[in-house]
Amino acid sequence: MYDTARRVALVKQRVRENTRRKRQRGIYGLSGACMLLCAALMQAAGTVVGPGQPEAWGVFGAMLLREDAGGYVLVAVVSFAAAAAITALCFRLRIRENQKKDGTDKPDPQEQEEKSQ
């Protein structure tokens, strides 16, 4: 039989291990979602972008000024918006997780600082 201190140490170790596994699953899930989003956007780019000259030697910036380049711009804007939304979601989830871990419902110190400014 283990004494109380040893049992507490084993429980804490198991909690740390479970927390690590949970975070790893979250990371893998988000990575998979990002890969799926990237693949979907690449497929959508093929249907949205019309046929035209595939390359322009020496005028790469001017490609976005062509009339049929709107699909590329649309895919870029949607990709940026999706990345920003996923980042904001991850920050909110981390803040919520930290509040649950602390056992308090007080707001994050950074949020309080931003509200006071």
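Everything numeric in this text was worked out from a predicted model, so none of it was measured. Along the sequence shown, residues are numbered consecutively beginning with 1. For the numbers below, each heavy atom of this structure counts, side chains included, while hydrogens, waters and symmetry mates do not.
Grouping Ile, Leu, Val, Met, Phe, Trp and Tyr by side-chain contacts under 4.5 Å, direct or through others, puts Val15 with Val11.
Residue pairs meeting the side-chain hydrogen bond (donor to acceptor under 3.5 Å, both in side chains) criterion with at least one member in residues 27-41, sequence neighbours excluded, are Gln24-Tyr28. Contacts classified as salt bridge (Lys or Arg N to Asp or Glu O under 4.0 Å) and involving residues 1-20 (residues at least two apart or in different chains) are given here: Glu17-Arg21.
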Solution key, residues 85-92 side-chain donor-acceptor pairs under 3.5 Å, sequence neighbours excluded:
from  : atom 1 : to    : atom 2 : distance (Å)
Thr87 : OG1    : Ala83 : O      : 2.8

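In this structure, the salt bridge (charged side-chain N to carboxylate O under 4.0 Å, His left out) partners of Arg23, at least two apart in sequence or on a different chain, are Glu97.
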